Number of protein chains: 2
Amino acid sequence: MANLHLNVSEVLDHISLDCVIFGFHDNELKVLMLRLKHTNAYALPGGFLKHEETLEQAAERTLKERTGLDNIFLKQFKVFSDPNRDKLKKDNPEFLKNEPPEVVAFFNKRFISVGFYALVEFSKVDPQPDALSEACEWISPFADVEMFIDHKDIIDKALTTLRIQLNQQPIGLKLLPRKFTMPQLQKLYETILGRELDRRNFQRKILSYKILNKLNERKTGGAHKAPFLYEFNRESYKQALEDGLSGIW
Amino acid sequence: MANLHLNVSEVLDHISLDCVIFGFHDNELKVLMLRLKHTNAYALPGGFLKHEETLEQAAERTLKERTGLDNIFLKQFKVFSDPNRDKLKKDNPEFLKNEPPEVVAFFNKRFISVGFYALVEFSKVDPQPDALSEACEWISPFADVEMFIDHKDIIDKALTTLRIQLNQQPIGLKLLPRKFTMPQLQKLYETILGRELDRRNFQRKILSYKILNKLNERKTGGAHKAPFLYEFNRESYKQALEDGLSGIW
DNA sequence: TCAAAAGTGTTTCAAATACACCCATGG
DNA sequence: CCATGGGTGTATTTGAAACACTTTTGA
């Protein structure tokens, strides 16, 4: 059974990072998580900081390992530094049972963890478990499952941040496939905001920003009337976000 | 000459924090900074993380030491983790010349620094230099002075964050004295936003939130017509911020 | 052929903006 | 007595919200 191959001298003590990787599929928001070996708990993909890296580079590296993707949209949102936050780790080191002693010792130090959230296009992700986990899978951020130490808190905080930053960050652009329908975009906004929006007002408002190109294609295959496909106009979207999408949904 | 009396075994390696302490005085935004000994550079008040502390507690401790104040409004806004960020420190260790070798060695490690911003009532602060600095004083966040390593970047980022969070955080409440005038409050908003606002519209809008109590007093002593004094209605202000002061200035 | 989803348009109401006049004060 | 800053009011424009009808589709 493969172990972590973590060279503890390559990374800084006391500092870790956790990534809340958001995807959007079947009109639902998802988070990519690891199911830890020998436990039922889910954990966020995370990692440690190498000597010559920034935290952003370390997060990118982690993302690449779990999703296969480069150039992911990534943002720090909070540092979790409760000295008791990793208490559970010491009580439940089951998932470390195949690791060498120096790795176990390293894990048992106190860590402050920098939370990042990432936005990825669901269909492009190839989920890769790490050596400490049995599976890497998408679950609902609202799912009531057992989570490693404070990872539930980290997800909740990421969601709150996402909600607040919905009008300042290219959330739609990063979470949806290149071509998408208006109802899809609306569902995305609704999921993040946690409330329903009026279909017609939503469309009018989002179109008024001139950040979408309407395509001469419709999404076929679904039941009911075929909706048009849209794509983001990357130029104007970028510009619009710099000004802030002035409204609040 | 007093030295730091830093017991390096009490704090974690590699982790520091810096506080951008905002105050408002003479209708101008100010930042509390230290002037480092034996250099011309200004540095942000900062500190290290003790083993049993959260970062927030460590920041509070730092704030208490520099300002004499407790219960300060404090918020994390970013972690600065460029591996070269403290390069200058190694080139210019002048301000450490009275420190024992273990302290110098500690300072020469790589640090990632968690940025906090704090909002304080200017007149209540009693600025206290630390052992490494000659003075602790208020300067303009826009001042073009020499700053320690990346502290200018940290201030800029704090300002940007403050601007974005102006409608979500109790910024007025924390920065102004208990009684203040409408023009003062407006100047505060204008300074943070970096643009002018219409006097009459500002007043109408801020009053519409019902977060101010108009007092039966006027601010005397100034030239020209004496403006009324207001105070925040803490109950409704708190409530309003939870909902977000829906507008954007 | 009909239920359910999607396209499109109008009316209404609230908020942001622009603008004007009067009042008080110290120099 | 007047320049400056402060108090208060109104008309206009803009955008958000509420709401209705028609079209397309697969079951």
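A note on names: the letters A, B, ... follow the listed sequences, proteins ahead of strands, and every chain is numbered from 1. Just so we're clear, the structure is a prediction, and the values are computed from it rather than from any experiment.
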Validate the cation-pi geometry between B:K75 and B:F77: distance from NZ or CZ to the six-membered ring centre under 6.0 Å, angle to the ring axis within 45°. no
Which pairs pass salt bridge (Lys or Arg N to Asp or Glu O under 4.0 Å) with one or both residues in [range], sequence neighbours excluded?
range                       : value
residues 114-125 of chain B : B:E121-B:K124
residues 181-190 of chain A : A:K187-A:E190
residues 211-227 of chain B : B:K179-B:E217

To the nearest Å, how far apart are [X] [atom1] and [N] [atom2]?
X      : N      : atom1 : atom2 : result
A:E196 : C:dA5  : CD    : P     : 12 Å
B:L215 : D:dG6  : CG    : C1'   : 17 Å
B:E190 : D:dG5  : CD    : P     : 13 Å
A:F202 : C:dG7  : CZ    : P     : 12 Å
A:L197 : D:dA18 : CG    : C1'   : 14 Å
A:Y189 : D:dA16 : OH    : P     : 13 Å

Salt bridge (charged side-chain N to carboxylate O under 4.0 Å, His left out) involving B:K152 - partner list, sequence neighbours excluded: B:D156
Which residues pass the salt bridge (charged side-chain N to carboxylate O under 4.0 Å, His left out) test with B:E196, not counting sequence neighbours? none
Could you list the residues that satisfy side chain to side chain donor-acceptor pair (under 3.5 Å) with [X], not counting sequence neighbours?
X      : result
A:D198 : A:R200
B:E56  : B:Q76
A:Q128 : A:D126

Are B:Y237 and B:F232 near enough that their ring centres are under 6.0 Å apart? yes
So, for B:Y42 and B:F148, is the gap between ring centers shorter than 6.0 Å? no
Between B:Y230 and B:Q184, is any side-chain donor less than 3.5 angstrom from a side-chain acceptor? no
Does a donor on one side chain sit under 3.5 Å from an acceptor on the other, for B:S16 and B:S113? yes
Nucleic acid footprint by protein, nucleotides 8-15 of chain D - heavy-atom cut-off 4.0 Å, B for base, S for sugar-phosphate alone: BBB-----
Please write out each protein N/O paired with an N/O of nucleotides 24-27 of chain C under 3.5 Å, distance rounded to 0.1 Å.
from, atom 1, to, atom 2, distance (Å)
C:dT25, O4', B:H224, O, 3.4

Using the C1' atoms of five pairs at each end, what's the angle between the two axes of the helix from C:dT1-D:dA27 to C:dG27-D:dC1, to 10 degrees? 10°
Quick check on contacts: within residues 178-187 of chain B, what sits under 4.0 Å from DNA chain D by heavy-atom distance? B:P183
